[in-house]
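When reading the values below, keep in mind they use all heavy atoms of this one structure, side chains included, and skip hydrogens, waters and symmetry mates. Labels below follow one simple rule: chain letters A, B, ... track the order of the sequence lines, proteins then strands, and each chain is numbered from 1.
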Amino acid sequence: MARKASLSGFPEWLPNERLVELHVLDTLRRTFELHGFSNVETRAVETVGQLLRKGDIDKEVYGISRLQAGESTGDDPNALALHFDLTVPFARYVVENAGHLSFPFRRYQIQKVWRGERPQDGRFREFTQADIDVVGDGTLPFKYDVELALVIAEALEALPIGDFKLRVNNRKLAEGFYLGLGLSDTAGVLRNIDKLEKIGAPRVKDLLLDEVGASSDQADAALALAQIRTEDMSFIEKVRALGVEHELLEQGLAELGEVVEMAVRRAPGRVVADLSIARGLDYYTGTVYETVLVGNEKLGSICSGGRYESLATKGNRTFPGVGLSIGVTRLVSRMLADESAVASRHVPTAVYVTLAQNDSWSDAQDVAAQLRARGISAEVAASAEKFGKQIKFADKRGIPFVWFTQEDGTHEVKDIRSGEQLVADPATWMPAAEDLTPRIAAATA
RNA sequence: GUGGGUAUAGCUCAGUCGGCAGAGCGUCUGGUUGUGGUCCAGAAGGUCGCGGGUUCAAGCCCCGUUACUCACCCCA
């Protein structure tokens with residue numbers, strides 16, 4: 001059971017919960033590196049001017065000020081603030097280090113981010129994001145849009161989170177469609193279509209009529225597009241059947257088709273073409289991704305991103321990119337809440353070395369050192385309490401083995417779960433591989 | 001930022017009409033004096049969120065406040 005933090009929105013896990021989070025982080029790191037992504041870390045703060053480049057989100061940003069100085073971060077673009085995602089800092093990093101990087105540059109970045117939003121289930125003010133992006137110099141082949149969807153599907157598949165769906169759409173497809181319909185405020189249409197799942201078609205239609213000046217037919221057509229959802233290439237025929245024509249629409253169909261075609265082959269069942277996905281942020285220009293846990297759709301997206309033709313600019317150079325961001329904290333909070341993953345024990349210790357007499361502590365440390373030298377985590381009792389108490393100490397922590405040294409200098413090790421106690425040699429004894437370190441087990445559904 | 005709900009032991013929660021602060025679980029100790037888990041007995045553990053008011057008397061009623069929480073907004 002996930003414990004609620006004392007400061008809302010700033011979660012702090014217990015040791016066994018943190019083990020689950022570490023397992024997620026280790027798994028992501030391993031998957032990303034297997035696919036050749038380099039890691040970078042950027043500073044926690046950016047200037048306000050830098051952060052607000054991509055939109056009016058100043059309400060979400062935590063400013064930094066020195067208490068003594070009584071400074072106000074107010075409107076000063078040079079004031080410092082905590083980053084609220086990893087994409088904007090990465091864009092700055094790319095520009096500043098362009099001369100040292102080789103493009104296309106693929107990097108992953110796993111860090112805390114901060115947002116001054118009202119916390120709720122699965123929504124935090126301090127949380128960890130795991131980003132992967134590929135950024136090019138001037139151009140970036142579309143194949144990366146396909147590749148990133150597959151890398152993310154693989155990464156999520158390696159986690160004990162149950163079934164998920166990576167929903168993919170394409171901005172060009174949607175915008176071309178709206179333009180072909182004669183709706184020029186494509187951003188406005190997108191913004192309202194994005195609410196479809198939450199508020200339903202009738203209310204979205206009202207919004208389209210009121211806010212973007214669509215006719216009833218135009219609104220119906222936009223809604224019809226958004227209702228298309230297929231796990232194969234058939235979405236293309238369904239779009240064509242709506243009878244709208246536009247050059248941008250054709251481009252979008254071709255691009256989304258490429259992602260879906262490859263996903264069907266390489267990640268079957270994980271990717272769905274979902275033409276209702278819009279994504280709130282307006283810097284996406286092509287592919288957009290959003291991921292939900294099947295059965296936990298209300299939690300919101302656990303991973304999203306997209307293609308942006310201009311991640312950053314430097315002089316007359318532009319750096320297009322495509323990337324996705326996994327909401328690690330949201331994911332972990334869900335895994336803890338529904339106990340879909342639990343640590344096999346609370347501590348790293350595999351062997352608890354007991355003490356027969358208080359003055360045998362140093363000898364016990366010699367035993368522990370021999371075990372540690374072979375990669376076995378060992379801990380020595382602090383006082384020679386009754387063996388019953390020492391065993392209980394280990395049992396409460398889930399330590400699987402208790403070590404006894406006899407008066408004659410021989411050793412025995414007890415498996416605390418079976419009660420089986422055998423003669424053992426500290427120079428050669430090994431626990432079973434699954435007992436060496438805490439394991440994260442997926443609950444069997 | 002807007003609206004609703006909640007706040008009592010480490011955890012989950014009772015607390016009647018305003019009249020001595022409670023239970024279960026957990027923790028600790030002992031039974032069992034150097035091999036745990038079960039069982040039995042006992043113990044410790046409280047700023048009743050905080051501040052004010054009404055009253056002979058407030059966990060309970062009134063006002064304020066803070067935190068938490070759900071929804072809106074927005075997003076991982």
So which protein nitrogen or oxygen atoms get under 3.5 Å of nucleotides 36-39 of chain B's nitrogens or oxygens?
{"residue": "rG36(B)", "atom": "O4'", "partner": "Gly388(A)", "partner atom": "O", "Å": "3.4"}
{"residue": "rG36(B)", "atom": "O6", "partner": "Ile416(A)", "partner atom": "O", "Å": "3.2"}
{"residue": "rG36(B)", "atom": "N1", "partner": "Ile416(A)", "partner atom": "O", "Å": "2.4"}
{"residue": "rG36(B)", "atom": "N2", "partner": "Asp395(A)", "partner atom": "OD1", "Å": "2.7"}
{"residue": "rG36(B)", "atom": "N2", "partner": "Asp395(A)", "partner atom": "OD2", "Å": "3.0"}
{"residue": "rG36(B)", "atom": "N2", "partner": "Ile416(A)", "partner atom": "O", "Å": "3.3"}

Would you list the protein and nucleotides 1-4 of chain B atom pairs, both N or O, that sit under 3.5 Å from each other?
{"residue": "rU2(B)", "atom": "O4", "partner": "Arg118(A)", "partner atom": "NH2", "Å": "3.4"}

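Nucleotides rC61(B) and rU16(B), compared at atom P, are 9 Å apart to the nearest Å. rU54(B) and rC62(B): their P atoms are spaced 15 Å apart (whole Å). When the P atom is used for both rG37(B) and rU69(B), the distance is 38 Å, rounded to whole Å. Rounded to whole Å, the separation between the C1' atoms of rU2(B) and rC56(B) comes to 44 Å. Distance check on atom P: rA67(B) versus rC13(B) gives 22 Å, rounded to whole Å. Taking atom P in both rU6(B) and rC63(B), one finds a spacing of 14 Å when rounded to whole Å. A gap of 25 Å separates the C1' atoms of rG30(B) and rG22(B), to the nearest Å.
Between Ile132(A) and His35(A) there is no side-chain heavy-atom pair separated by less than 4.5 Å. A heavy-atom distance below 4.5 Å is found between the side chains of Phe103(A) and Val135(A).
Residue contacts for Leu299(A): at a heavy-atom cut-off of 4.0 Å it reaches no nucleic acid atom on any strand shown. Using a 4.0 Å heavy-atom distance criterion, Ile326(A) is classed as making no nucleic acid contact. Note on Phe393(A): nothing from the nucleic acid sits closer than 4.0 angstrom, heavy atoms only.
A donor-acceptor distance shorter than 3.5 angstrom exists from the side chain of Glu297(A) to the backbone of Gly295(A), with no hydrogens or angles considered. In this structure, the side chain of Arg270(A) does not engage the main chain of Leu166(A) through any donor-acceptor pair within 3.5 Å. At least one donor-acceptor pair closer than 3.5 Å links the side chain of Gln111(A) to the backbone N or O of Thr42(A). Listed for the Arg171(A) side chain is no donor-acceptor partner under 3.5 Å among the backbone atoms of Val288(A).
Taking only side-chain nitrogens and oxygens, Lys396(A) comes nearer than 4.0 Å to OP1 or OP2 of rC28(B). An OP1 or OP2 oxygen of rU35(B) is reached within less than 4.0 angstrom by no side-chain nitrogen or oxygen of Gln421(A). For the pair Ser8(A) and rU69(B), the criterion of a side-chain N or O lying under 4.0 Å from OP1 or OP2 is met. Distances shorter than 4.0 Å separate some side-chain N or O of Ser304(A) from OP1 or OP2 on rA76(B).
Between Phe90(A) and Tyr93(A), the angle of the ring planes stays under 30°, which puts this pair in the parallel group of the 30/60° scheme. Ring pair Tyr352(A)/Phe393(A) is parallel by interplanar angle, where below 30° counts as parallel and above 60° as perpendicular. Using bins of under 30°, 30° to 60° and over 60° for the plane-to-plane angle, the ring pair Trp403(A)/His411(A) lands in the tilted bin. Classification of the Phe32(A)-Tyr108(A) ring pair by plane angle, with boundaries at 30° and 60°, yields tilted.
With a cut-off of 3.5 Å on both pairing distances, the Watson-Crick and G-U wobble pairs of RNA chain B assemble into stems of 3 or more at B:1-7 with B:66-72, B:10-13 with B:22-25, B:27-31 with B:39-43, B:49-53 with B:61-65.
Contact detail for Ile440(A) and Pro160(A): the closest heavy-atom pair is CG2-CG, 4.4 Å.
Rounded to an integer number of Å, the gap from Asn16(A) CG to rC11(B) P is 16 Å. To the nearest angstrom, P of rG26(B) lies 15 Å from NE2 of His346(A).
Note on Arg92(A) versus Glu96(A): salt bridge recorded, some NZ/NE/NH1/NH2 to OD/OE distance being below 4.0 Å.
Here rU35(B) is the nucleotide among rU33(B), rA76(B), rU35(B) with the atom lying nearest to any side-chain atom of Phe404(A).
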